[in-house]
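Read the numbers this way: they start at 1 and go in the same order the structure lists the ligands and their atoms. All values below were derived from every heavy atom in this structure, side-chain atoms included, with hydrogens, water molecules and symmetry-related copies excluded.
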Amino acid sequence: MTPTPSSPHVLIEGSPLARSCGSTGVSFEIFERSESRYARPEGWAVALHAILPEFFAAMPDDMPPHNELTHLHPLKLGFEFAFYDPEVSMTKMGYRDDYRDDGEVEVIRANRHRLRDWLLTNLPVQNGKQAVQVEENEDKVTVHFRDGTSATGDILVGADGVKSVVRKHLLKGVDQFEYDKISILTSSLRLEGEDLAEQLALGHSAYMVVLQGPDGVYYRYFVGLDKVAPDGKSADYYFHLAWHDEDAPRDDHWTHSLSAEEIRDFALRAMQNLPRQFRCMVERAKLEDIKVPPLRLVTILLDSLPAGRVTILGDAAHAMTPFLAQGAVHAIKDALSLGKALTTLPDSSRSTIATSLGSYQEVMLARGRQAAMESRMAFADPSLPKTMFARQVVSLPEDRITL
Ligand SMILES: Cc1cc2nc3c(=O)[nH]c(=O)nc-3n(C[C@H](O)[C@H](O)[C@H](O)COP(=O)(O)OP(=O)(O)OC[C@H]3O[C@@H](n4cnc5c(N)ncnc54)[C@H](O)[C@@H]3O)c2cc1C
């Protein structure tokens, strides 16, 4: 679709997920703070589900096939998310409809770099453009970058993540985000040979164990495959050990001063009663791959935003904990609905744009807030995901995997 002379010019700050709103025929530019496409480590895969038909339909016809997005590529294994309950038995369980791709419900657990590359097909991105300030007036909006340059357009979309500069502009400098009461220790690691085959058999894509540590605390141990090497012989993994922790929002929380070795020892103590094949991920983790200081999880719950020439999407608007795997899905939903709003704008006047973005924001914030609260609740109950899966728990087939 070719932009018409009256179409607004849209500035998109941040995420390539916003390409689904830039694929609509409007004129747009994308700015990204990273110096290059791969400057940011993107250590965890992202599960896309429930949105895939709409998402792919919104992509232009010249996109490459999406079958290589899956983190399992080039292995011929389907998505599978298993869970284990040491209080019952260590058999492989799942909630079949959602947690194993059996040909009926498509789930793509995508490696982030592959997803980013795919989304950026034929799209020019201006790297090294970190937004630091936004100025909005009746006729235009201007975003200023750290390198001293600026860009001016009719609309600015902040897809700039949890610490969004664009959100701060909309909230007039009074930011609104909360650290969650969750501590989370995490590491990446590379596996090959028998170790890799064993982890794939435990859950092709990922698995979760809810365990009670010797200290009585319930921990959630999550292991996820990030990507497989092109020859299929090795793969990058990551794990998280998370627990409910009232003090986690404190800046001086004790986990922030742990060394990598102390993090590994803590995790191994918590998991001491798990069978060897579960503990071995933590044992294999190299100290330099353990995240120090640990990740801090953030939830953003916004009721409303002022309507004008500036809006936001994704984590900038409704960051949420990752335990229901909803964050990227909602960022895509936002981008798709914003894309629709942008294509139907009759002119670039402030009132037209404010009406359209105001309607988009109302629906987007209500939906995102709901998902953020559900994601938070999913952790508030220590017995989850047991209850989450309790609806239709099925035994998943035990696999023997040969590489
Ligand atoms: C451990 C973990 C696991 C997760 N797993 C899942 C999952 O399985 N499924 C799921 O749906 N979600 C998952 N999520 C959530 C998901 O990662 C986010 O919801 C999603 O990445 C949000 O996308 P976004 O585009 O809004 O923000 P981001 O992915 O954070 O992208 C923001 C972009 O903006 C750029 N940027 C930031 N500031 C500026 C600036 N000032 N100027 C210019 N550019 C800027 C950044 O460099 C980045 O490229 C997970 C999150 C975590 C932490």
Side-chain angles (χ1 to χ4, degrees), residues 11-21 29-52 55 71 79 81 98-99 107-113 115-116 119-120 125-134 143-147 151 156-169 180 182 184-188 205-206 208 220 222 224-226 238-242 291 294-300 312-335 338 364 368 371-372 375:
L11 310 173
I12 299 173
E13 196 58 48
S15 170
L17 287 181
R19 94 150 284 154
S20 15
C21 74
E29 290 174 274
I30 303 180
F31 304 95
E32 162 60 48
R33 72 173 167 192
S34 305
E35 290 297 333
S36 78
R37 203 179 274 194
Y38 304 108
R40 224 165 66 113
E42 310 234 19
W44 24 78
V46 64
L48 303 179
H49 47 93
I51 186 77
L52 288 175
F55 175 54
H71 63 169
F79 169 85
F81 180 9
D98 277 354
Y99 293 98
V107 181
I108 293 183
R109 201 166 169 85
N111 169 263
R112 287 183 189 233
H113 275 152
L115 179 61
R116 182 171 279 251
L119 286 165
L120 292 178
V125 173
Q126 300 184 43
N127 284 98
K129 296 288 178 191
Q130 179 175 359
V132 288
Q133 200 198 337
V134 177
V143 54
H144 297 272
F145 303 109
R146 186 166 295 286
D147 65 3
L156 171 65
V157 179
D160 50 348
V162 172
K163 297 198 174 149
S164 171
V165 166
V166 181
R167 179 182 69 245
K168 277 181 215 149
H169 163 79
D180 283 287
I182 298 169
I184 180 164
L185 306 178
T186 171
S187 182
S188 55
S205 296
M208 168 96 83
R220 287 173 207 208
F222 175 88
L225 170 71
D226 183 31
Y238 56 102
F239 66 80
H240 303 145
L241 183 74
K291 180 148 178 40
L295 193 65
R296 296 179 81 181
L297 297 179
V298 167
T299 292
I300 294 174
I312 50 179
L313 63 75
D315 277 10
H318 42 60
M320 56 192 85
T321 61
F323 303 102
L324 293 182
Q326 289 289 318
V329 170
H330 281 273
I332 292 171
K333 286 186 179 179
D334 298 349
L338 182 56
M364 176 276 291
S375 297

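- Within ligand 1, the atoms closer than 4.0 Å to a non-hydrogen atom of K129 are 42 (N), 43 (C), numbered from 1 in the order shown.
- Listed by atom number, the atoms of ligand 1 under 4.0 Å from R116 heavy atoms are 49 (O).
- Between the side chain of D160 and the main chain of G14, no donor-acceptor pair closer than 3.5 Å is present.
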Margin query: Would H318 and D334 count as a side-chain contact (heavy atoms from CB on, under 4.5 Å) here? Give the steps.
Written below: CA-CA 10 Å; H318 42 60; D334 298 349; 2.6 Å; yes

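- Between atom 36 (N) of ligand 1 and the options Q130, R109, R33, the minimum heavy-atom separation is to R33.
- Close approach of ligand 1 to A325 is summarised as follows: ligand atoms under 4.0 Å from at least one heavy atom of the residue are 7 (C), 8 (O), 9 (N), 10 (C), 11 (O).
- For A316, no nitrogen or oxygen atom sits less than 3.5 Å from a nitrogen or oxygen atom of ligand 1, counting backbone and side chain alike.
- Looking only at distances, no side-chain donor or acceptor of D315 sits under 3.5 Å from a matching main-chain atom of G327.
- Close approach of ligand 1 to P322 is summarised as follows: ligand atoms under 4.0 Å from at least one heavy atom of the residue are 2 (C), 3 (C), 4 (C), 50 (C), 51 (C), 52 (C).
- Annotation for D147 and G128: closest pair OD2-O, 3.9 Å, computed over non-hydrogen atoms.
- Checking only distances, E32 does come within under 3.5 Å of ligand 1, N or O to N or O.
- Pairing each heavy atom of A372 with each of A319, the nearest pair is CB-O, 3.9 Å.
- When the heavy-atom distances from atom 14 (N) of ligand 1 to Q326, R112, K168 are ranked, the shortest goes to R112.
- Of all the atoms in ligand 1, the ones that sit under 4.0 Å from a non-hydrogen atom of V165 are 41 (N).
- For ligand 1, the atoms sitting less than 4.0 Å from at least one non-hydrogen atom of G314 are 26 (O), numbered in the order shown with element in parentheses.
- In this pair, F145 and F31 present their aromatic rings tilted. The plane angle is within the 30 to 60° band.
- Looking at D315 against ligand 1, both its backbone and its side chain come within 4.0 Å, counting heavy atoms.
- In the vicinity of V329, heavy-atom distances shorter than 4.0 Å reach the ligand 1 atoms 11 (O).
- Residue A47 comes nearest to R109 through the heavy atom pair CB-NH1, 3.4 Å, listed as atom of the first residue, atom of the second, then distance.
- Of the possible polar contacts, none joining the S375 side chain to the L324 backbone as a donor-acceptor pair under 3.5 Å is found.
- With a 4.0 Å heavy-atom cut-off, ligand 1 is reached by the side chain of H240 but not by its N, CA, C or O.
- Using the six-membered ring where Trp is involved, H240 and W44 have ring planes that are perpendicular, over 60° apart on the 30 and 60° scheme.
- Close contacts between ligand 1 and V46 involve ligand atoms 6 (C), 7 (C), 8 (O), 9 (N), 10 (C), 11 (O), 12 (N), 13 (C) [criterion: under 4.0 Å to a heavy atom].
- The two residues H71 and D226 come nearest to each other via the heavy atoms CB-O, 2.9 Å.
- Distances from atom 32 (C) of ligand 1 to the heavy atoms of A47, S34, A159 show the closest one on A159.
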